[in-house]
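Numbers restart at 1 for each chain; the letters A, B, ... are given by sequence-line order, proteins then strands. Since the structure is predicted, the reported quantities are computational estimates derived from the model, not experimental observations. Heavy-atom basis, side chains included; hydrogens, waters and symmetry copies ignored.
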2 protein chains.
Amino acid sequence: MKHLPHKTIARLSQYRRALLLCHAKGKTHIFSHEIAKILHITAVQVRRDIMLIGYTGTLRKGYNIKDLIDLIGRIIDSEEGINVSVIGVGNLGRAIVNYFSGRRTKLSIVACFDVDSNKIGKKTSGIEIFHIDDLQRIIEEKNIKIGIMTVPSEQAIDIAELLVKAGIKGILNYTPKPVNVPKDVFLEEYDMITSLEKVAFFVKTHD
Amino acid sequence: MKHLPHKTIARLSQYRRALLLCHAKGKTHIFSHEIAKILHITAVQVRRDIMLIGYTGTLRKGYNIKDLIDLIGRIIDSEEGINVSVIGVGNLGRAIVNYFSGRRTKLSIVACFDVDSNKIGKKTSGIEIFHIDDLQRIIEEKNIKIGIMTVPSEQAIDIAELLVKAGIKGILNYTPKPVNVPKDVFLEEYDMITSLEKVAFFVKTHD
DNA sequence: AAGATTTTGTTAATTATTTAACAGTGTTAA
DNA sequence: TTAACACTGTTAAATAATTAACAAAATCTT
């Protein structure tokens, strides 16, 4: 197992969630075409991804759900878990924190940051909100590895720089402003405006 | 100009936003490498995308910003504009509505939907909230073409079906639950959990 | 005015990703 | 027990997207 394609990683995460649901229902085995159906992709793709991670199912019974869940976990999770922080406690920041709170996973959101003095010291979905001035200190103290940026776009560049300086290893940028990070920091950017414009384009052309 | 790649469409949207900023600053021309720098991509890619839409800059002066903005508009916008609705007025739904409110664009969010009776009839960022039971009627009345799903994932399937039945042409699904739509409806799905797990994976492996 | 420089436009090469094809093999059924 | 079936695993082909390479031309420099 040398180099897993980015897309495969993303799908593994989705396979696992689907599998966890099946597992909860008491199902023990699953076929590639069943997984495919749930995620609306092709069975070949599922088999290929599973091949890439070196798992092998049993003929006629399909894949053992529990085993596959565990294997995906060993691949995409860190054994010790990874601490995450959210920078910018607006609607989007709150949505994300709320989303993740209460999940029993290897990823935990352990701190939020904002500049609004009304928010500092309070909690959102159980997670404490700190002032951005304390970002460096808290990130070190709490051993935070990932930062999710949900700040206004004008602040994106500065915050990204701050995160890098604080030693963060991965950034998820939900700001529509592209940021620049050294290549040892993994950066994932998602731009809602662009996504909507893309949908609009296809709606327009498919008319 | 036959078939623009999906990725190119997404980048055109980003080029335009960057160009609008430059335009606002009074800049009239821009080089491919300048655009590239802003978006952290390569100049070749910028030139190639611009070639694909059939625009041609002037040597040594680069691209005329105003012209390029207009051309991108003619490609990705609908002349009459497109009406959009948000289904699910939680934190994420509010974040999106708030994001788009006040943009002078061809895309307007014109209605929100929820089931919480405390929210019905109120407004969020100036947009009225209707009950989901009125979805079909409002979508027809207001000529809404796109639905942004920000409901809890258990409801995703039903809501998607409802939207399709109401005649929606494009769906942006922010639920972690994949949904199924007929192929004349354009579907874009984005899953925050998967994105975060992807970042975590690369943080883990790049360590 | 000649030559160097800068930048575009475009074709070709490369890389990444998906899809197709099919051999191999338990399992069921006759 | 033999044939049909329903799966997986894997290699090969096709498609999509990015990157490289370079000719052409406007501008600058000397």
Side-chain angles (χ1 to χ4, degrees), chain A residues 1-15 19 22 27-65 67-68 71-72 178 183 187-189 194 198 201-202 205, chain B residues 1-15 19 22 27-65 67-68 71-72 178 183 187-189 194 198 201-202 205:
Chain A
M1 195 179 69
K2 30 178 203 304
H3 249 27
L4 294 173
H6 285 218
K7 295 278 184 77
T8 295
I9 298 297
R11 282 191 299 265
L12 287 174
S13 156
Q14 298 186 292
Y15 296 162
L19 292 169
C22 296
K27 214 165 144 61
T28 64
H29 289 78
I30 195 167
F31 297 127
S32 60
H33 63 259
E34 291 178 294
I35 299 177
K37 183 110 184 267
I38 299 172
L39 303 181
H40 303 118
I41 58 178
T42 70
V44 191
Q45 186 145 72
V46 174
R47 290 209 302 278
R48 210 172 189 299
D49 286 336
I50 290 177
M51 182 198 88
L52 287 176
I53 62 173
Y55 184 71
T56 146
T58 49
L59 217 44
R60 204 80 182 190
K61 290 179 76 181
Y63 304 100
N64 179 299
I65 292 179
D67 290 352
L68 192 45
L71 176 56
I72 293 176
K183 62 181 169 317
L187 174 67
E188 170 94 359
E189 307 201 294
T194 285
K198 206 169 97 181
F201 171 78
F202 286 103
T205 56
Chain B
M1 196 176 70
K2 25 172 209 307
H3 249 27
L4 293 173
H6 285 217
K7 296 280 186 75
T8 294
I9 298 297
R11 281 191 299 265
L12 287 174
S13 155
Q14 299 188 293
Y15 296 163
L19 292 169
C22 295
K27 215 165 143 63
T28 64
H29 288 77
I30 195 167
F31 297 128
S32 60
H33 63 260
E34 291 178 295
I35 299 177
K37 182 111 185 264
I38 297 171
L39 302 181
H40 303 119
I41 58 178
T42 69
V44 190
Q45 186 145 71
V46 173
R47 290 208 302 277
R48 211 172 188 299
D49 286 335
I50 290 176
M51 182 198 87
L52 287 176
I53 62 174
Y55 184 71
T56 146
T58 48
L59 215 45
R60 203 80 185 191
K61 289 179 78 181
Y63 303 100
N64 179 298
I65 292 179
D67 289 353
L68 192 45
L71 176 57
I72 293 176
K183 61 180 170 314
L187 173 67
E188 169 93 0
E189 306 200 294
T194 285
K198 209 169 95 181
F201 171 78
F202 285 103
T205 54

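Separating the CD1 atom of A:Ile9 from the C1' atom of C:dA16 is a distance of 14 Å, rounded to the nearest angstrom. In this structure, the CD atom of B:Glu34 is 14 Å from the P atom of C:dT6, given to the nearest Å. Look at NZ on B:Lys7: it is 17 Å from P on C:dT15, rounded to the nearest Å. Note: NE2 (A:His6) to C1' (D:dA17) measures 14 Å, nearest angstrom. Atom CG of B:Leu4 and atom C1' of D:dA17 are 13 Å apart (whole Å). Atom NE2 in B:His40 sits roughly 17 Å away from atom P in D:dT18 (whole-Å rounding). Between the CG atom of B:Asp49 and the P atom of D:dA17 there is a distance of 11 Å, given to the nearest Å. Taking atom CD of B:Gln45 as the reference point, atom P of C:dT8 lies 15 Å away to the nearest angstrom.
Using a 4.5 Å heavy-atom threshold, the side chains of A:Pro178 and A:Glu189 count as touching. The closest side-chain heavy-atom distance from A:Leu19 to A:Ile72 is below 4.5 Å.
Counting non-hydrogen atoms of other residues, nucleotides and ligands closer than 6.0 Å to NZ of B:Lys61 gives a total of 12 or fewer.
No donor-acceptor pair under 3.5 Å is formed between the side chain of A:Gln45 and the backbone N or O of A:Thr42.
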Would you give a per-nucleotide map of nucleotides 4-14 of chain D, 5' to 3', where B means the base has a protein non-hydrogen atom under 4.0 Å away, S means only the sugar-phosphate does, and - means neither?
-> -BBBBBBBB--

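The CG atom of B:Leu12 lies 8.0 Å from the CD1 atom of B:Ile50; values are rounded to the nearest 0.5 Å. The CG atom of B:Leu71 sits 8.0 Å away from atom OH of B:Tyr55, with the distance rounded to the nearest 0.5 Å.
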